[in-house]
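Computed from a prediction, not measured in an experiment: that's the story for all the values here. This chain uses plain numbering: 1 for the first residue, then up along the sequence. Whatever order the structure lists ligands and atoms in, that order sets their numbers, starting from 1.
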Amino acid sequence: VSLAPAAGPDAGFWWARDDLGFKDGRLHLAGHDLATLAATVEGPLHVYSEARIAANLGRLHAALAEIGAPARVYYAMKANRFEPVLRALARRGLSGVDVCSPAEMDRALACGFAAGDVSFTGTGVSNRDLGRLLAQPDLTINCDTIGMIRRIGERSPGRAIGIRVNPELGVSYGGAERLTYAGDAATKFGIYREQWPDALAMARVHDLTITSLHFHVGCGYLTRELEAWDAAVGAGLAFVDDLPDVRTVNVGGGLGLPHRSTDAPLDLSRWAEMLRRRFATRGLTVAVEPGDYIVKDAGVLLLQVTDVERKRDVTFVSVDGGFNLAPEPAYYDLPCEPVACQPRSFDTAAWRPMTVAGNINEALDIWAHAHPMPELREGDRIAFLNAGGYGASMSSNHCMRGEFTEMLLPG
Ligand SMILES: Cc1ncc(COP(=O)(O)O)c(C=O)c1O
């Protein structure tokens with residue numbers, strides 16, 4: 001349950017910022033009235049702000065400029081692969097792209113990224129996948145298993161490769177297990193320390209040069225998780241000593257953002273300071289591959305109220321889209337804050353707890369429980385915040401309710 005903000009159209013909402021808030025009583029993103037935008041299309045609408053994407057990327061670059069080592073950003077396009085978003089990023093030229101499938105690679109190339117600015121970090125890579133990946137000589141391929149090293153060596157001896165390692169330390173939003181990619185329990189991601197000699201030997205057999213080291217240890221970390229993240233980076237870096245040809249260390253993505261009023265944003269200065277301490281004297285390029293940090297808070301999902309009905313002691317607000325359009329709240333408990341686009345009253349003390357429910361026949365299809373909302377009626381619009389990452393890209397056609405429109409607000 002969100003803390004009730006102070007009364008007044010622009011006062012006190014924890015999520016409000018320069019480009020997101022109420023103007024004349026109507027919710028705006030990047031200067032656009034969201035209820036009006038929603039009315040221009042049929043059904044659910046994912047809207048993204050290019051200006052916010054650029055601001056997020058700019059903030060990250062400013063932090064990376066402080067680390068005393070060359071740095072590169074590879075946007076993890078699994079978070080949002082909407083072509084206008086990719087084209088806008090390619091035009092700006094401030095990032096490469098990390099892809100996790102050949103189809104993502106093809107889309108990145110088609111949207112204007114050069115193969116030399118694309119890295120592949122995937123799991124369960126088939127020989128068919130490899131055929132397509134290896135056809136791009138400039139693509140960086142991060143190997144996730146010894147078998148993948150062998151199969152690349154058999155097909156493309158002498159190639160430069162990256163290796164993804166598992167530092168056995170992980171982080172995530174609030175310590176959520178499902179968002180943690182490395183830790184005590186074995187995960188499918190990366191090559192473990194005890195496999196390391198075999199991995200190096202396999203690369204040697206095929207004359208593969210290991211030019212990059214990669215680790216990604218979890219998603220959604222915030223300031224409260226930074227110490228643990230720093231320890232994971234230290235553990236990952238321990239692998240570098242065995243790699244005479246390594247040029248780049250990719251510390252993965254996972255940079256988080258607030259989802260609840262109680263979340264403090266990620267302190268990027270502290271983050272950069274940790275990287276500076278780890279990298280300043282090593283002569284290596286630092287790569288990062290965030291997805292969410294670039295796009296998540298740049299996007300909202302706009303849905304329309306279909307019913308408002310009290311059932312027992314709960315007021316249910318039903319909307320015309322479900323968790324299949326933005327699965328992370330249901331899968332990972334990463335909420336998309338529902339915000340009425342035109343509240344009838346800003347007397348937030350009078351707002352009532354409402355349970356906002358989607359239109360999918362699954363009990364877990366609840367957007368928010370007992371969330372303080374103003375009076376709502378059929379036809380009203382609700383914006384679900386933080387839907388710009390892993391919303392559309394993870395969506396499914398469950399119940400054949402998978403249709404939606406996407407829109408990039410240029411800026
Ligand atoms: C290898 C890899 N890199 C980067 C990312 C991006 O993570 P995030 O969007 O949390 O920054 C992921 C997400 O799953 C990943 O698996």
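- Not less than 6.0 angstrom separates the ring centroid of Tyr332 from the ring centroid of Tyr390.
- Here side chain to side chain donor-acceptor pair (under 3.5 Å) pairs that include residues 47-58, with residues two or more places apart or in two chains, are Tyr48-Glu406, Glu50-Arg92, Arg52-Asn56, Arg52-Asp297, Asn56-Arg59, Asn56-Asp297.
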Only pairs under 3.5 Å count here: list side-chain donor-acceptor contacts from residues 243-250, not counting sequence neighbours, and write none if there are none.
from   : atom 1 : to     : atom 2 : distance (Å)
Arg247 : NH1    : Asp245 : O      : 3.2
Asn250 : OD1    : Gly252 : N      : 2.8
Asn250 : ND2    : Glu289 : OE1    : 3.0

Task: Candidate pair Asp144 and Thr123, rule side chain to side chain donor-acceptor pair (under 3.5 Å), full reasoning - done: CA-CA 6 Å; Asp144 189 53; Thr123 72; 5.1 Å; no
For a distance cut-off of 3.5 Å, show me each N or O of ligand 1 paired with any protein N or O, plus the separation.
from     : atom 1 : to     : atom 2 : distance (Å)
ligand 1 : 3 (N)  : Glu289 : OE2    : 2.5
ligand 1 : 7 (O)  : Tyr390 : OH     : 3.4
ligand 1 : 9 (O)  : Gly291 : N      : 3.3
ligand 1 : 9 (O)  : Asp292 : N      : 2.9
ligand 1 : 9 (O)  : Tyr390 : OH     : 2.6
ligand 1 : 10 (O) : Gly254 : N      : 3.4
ligand 1 : 11 (O) : Gly254 : N      : 2.7
ligand 1 : 11 (O) : Gly291 : N      : 2.9
ligand 1 : 14 (O) : Tyr181 : OH     : 3.0

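- Asp198 is linked by a salt bridge (charged side-chain N to carboxylate O under 4.0 Å, His left out) to nothing, counting only residues two or more places apart in sequence or in another chain.
- For Arg155 (side chain) and Arg151 (main-chain N/O), a donor-acceptor pair under 3.5 Å exists by modelled atom type.
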